[in-house]
Amino acid sequence: MSALWGLLRKETRHILRDRRTLTVLLLLPVLQVVIFGYAIRTDVKDVRLAVVDPSPDLATLRLRGRLTGAHVFRVVAVLPDAAGLERLFQTGAAQAALVFAPGFADDLGRGLPARLLVVTDATEPNTGVTIQSHVLSVVQQFEREGPGRPGGVRIVPEARLRFNPTAESKNLFVPGLMAFVLTIISCLMTAITLTREKETGTMEALLVSPLRPWHIIVGKVAPYLVVGFASVVGVIVEARLIFDVPLRGSVTLLFAEGTLFILVSLALGVLISARTSSQRVAMTAALLGTMLPTMILSGFIFPVESMPRVLQYISNVVPAKWFVAIARGIMLKGVGLEYLWTETLILVGMAVVLLGAAARSFHERLE
Amino acid sequence: MRRILFLARAEVLHIVRDRTTLAQVLVVPIVQLLVLVNAATFVIRDTPTYVVDQDRTSASRGLINRLAASGHFRILERSASLSKANDALLEGAATLVVTIPRDFESSLARTGRAPVQLVVNAEKGSAAGIVLSYAGQILDRYSGELGRELRPSMLTVGYGTGDPSPWRGHPRIETRTRGWYNASLDYRHYMVPGILVALVTLIGTLLSAQNIAREKELGTLEQLNVTPLTRGQFIAAKLLPLWVLGLFDLGLGLLAGKLVFDVPTRGSLLLLFVAAAIYLLVALAIGLLISTGVDTQQQAMFVTFFVLNVYLLLSGLFTPIDSMSPWMQMVSQLNPVRHFVTISRAILIKGAGLDEVAPPLLVLCGFAVVTLTLAVQRYRKRTA
């Protein structure tokens, strides 16, 4: 046991001495919370609108006023014809344009159909669609309130956003960020620290020492676990303090599931280190094999349902996908194990298989 | 000049001989492009939808058919049970629950209005708003259709109150919509130009940071330092091959994007490559700056990873700059990646010319001068 203690002390010193790596490990999660909270958003607001109004009149002015009155739009240019419009869109000065047909107000006054063209910059399709539906709803409202009695039929949608009523992305990223931080620390760092011993040849020395194999693993891994848990707690506290992110379910369950996820990531890290011989290869493998999938295929940033079928199937073997689903369930929906048992069982299965494989690969090396 | 070329040749040989580096340069970018462009998408289609139809009339069925036919929604199940719908929402099986109340059709016929409840699982954030606006547009269009269909019946049955022709004299606005630059709303066309920037950045920064850190770790940097090479010559020789490689990768990625995803290339490719050449100087210089501050390859990779992570997330590559909070938008001005993403999208998707991309291009030139000067100054031929 004192041997294990010695190894733990050695590893802790290694971590504390490499200031740059430690700084990155501690600073990255903190900065990411700020970035995700303030920058990774998709809400559409303050839209730059260009107006092409060949024959300004009370009616066109009123419609324009209605648009700017909604506080979603800001008129950046009023043009007499559509000639300069393209340039405004190309430089990004305008995101949407309202093009009135000549004689718009006259037609409207005579009860003829008045023609209006709504142009949106659909380079980013979702923003394009959102802006377009904002403009259309204002125009329809305007039309309905016009003189003459409203006719026709209207289906009134009553929308409700469940689990995240303000649809704020800040509530969504924390579970993903936890998975991300835990993957960096438990998988990437484990793989690197084990391969480093291999590369420098000190692994042999460790193996002939009285340390048992599991001592080596525990001694190597435990200090990083402490760093990992500290980071995760930091992320949750910071997210709650700055962004008031909800934590509706049981904290104990969240930590239990977190430990399960850590076990899976650790086993992956040990496996990677067993298959590689240099730190560079181990790092590349860990980055490509675990970090990127955690970022991209876990549903952390991009919804998995929107991906092509093949990627959806692949995403099923990414442990982070299941952990993100669990953590969101606990934090946002406040549900317990009764709704999350499928995901939990999958993680348990992954943990058993990977830990078994990791233990075997480590034994093989001994012989 | 001959010295630079010699050292540059040595660098090229290093890259070509090392299988890992070669894979990093040739295979990884293409794989990344193919996977990322498919995965990094906020496109909304096949939203799993649970329909609670308490009305069971032709009007309610029509509405469900319109939703299903739009391609944005996939109807999981329809029943009259609210609690089953709630379960589907909690389990995560359904993202949208559409509830059509009991007197939907009769209320439409009688008063011309009827509510429909849309409950979205907003757990997935941005998607929720888009799902709602698609659903809203479908409801609006269906209202229009129903209006034409129900109006005669309204008149003959006598639901109209007095005025025999409620439509005459009512001003109508005929609205047409155009989504410029991406009429098919193909997310991949938006992502490819951005991912290309990410590729060029990764190659440039990572390789240059790693390269010099490796020489440091192996001790061969000392040997180079005692040669008569000047700092400037040394850096030029180190960066030249990587610079060419970066441009080569851009071409490769562009070709793959064209062949696989048929992305538009509306503007001048020459202009894009000129901008990339300037931008690569910035990316390489940042890598060089990182390598002067670290001792080992591991640290170099770690710090690069950290810096790029922040840069890419703040570049407007994945989420629009316009949606960021105002102070974040200011901060992102300091991010060279942001400017090149803007240029790349403007040229490829919008067909912008030199005039339109001049401001961000000038900013990039400024960045290139500053970062290169800093990198050359920070790099010392020290002995310690």
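All chains are named by letter (A, B, ...) in the order of the sequence lines, taking the proteins before the strands, and each is independently numbered beginning at 1. Values below: all heavy atoms of this structure, side chains included; hydrogens, waters and symmetry mates excluded.
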When you measure from the side chain of B:Glu105 to the backbone N and O of B:Ala59, does any donor-acceptor pair fall under 3.5 Å?
yes
Portion of A:Leu297 that has a non-hydrogen atom of chain B nearer than 4.5 angstrom
side chain
Just so I understand: if I count every heavy-atom pair under 4.5 Å between each of A:Thr120, A:Leu27, A:Val135 and chain B, which residue has the most?
A:Thr120
Okay, A:Val129 and chain B: the region with an atom under 4.5 Å from a heavy atom over there is both
For B:Asp355, which atoms come within 4.5 Å of any heavy atom of chain A: side chain, backbone, both, or neither?
both
If one checks every heavy atom of A:Gln95 against chain B at 4.5 Å, the contacting part turns out to be side chain
So how far is it from B:Lys350 NZ to B:Arg345 CZ, rounded to the nearest 0.5 Å?
9.5 Å
With only heavy atoms counted, which part of B:Met328 is less than 4.5 Å from chain A, the side chain, the backbone, both or neither?
side chain
Select one option (side chain, backbone, both, neither) describing which atoms of A:Val34 are under 4.5 Å from chain B's heavy atoms.
both
Cut-off 4.5 Å, heavy atoms of chain B, and the answer for A:Ile184 is side chain
Counting only non-hydrogen atoms closer than 4.5 Å, does A:Leu311 touch chain B with its backbone (N, CA, C, O), its side chain (CB onward), both, or neither?
side chain
Polar side-chain atom of A:Thr193 near backbone of A:Met189 as donor-acceptor pair, under 3.5 Å:
no
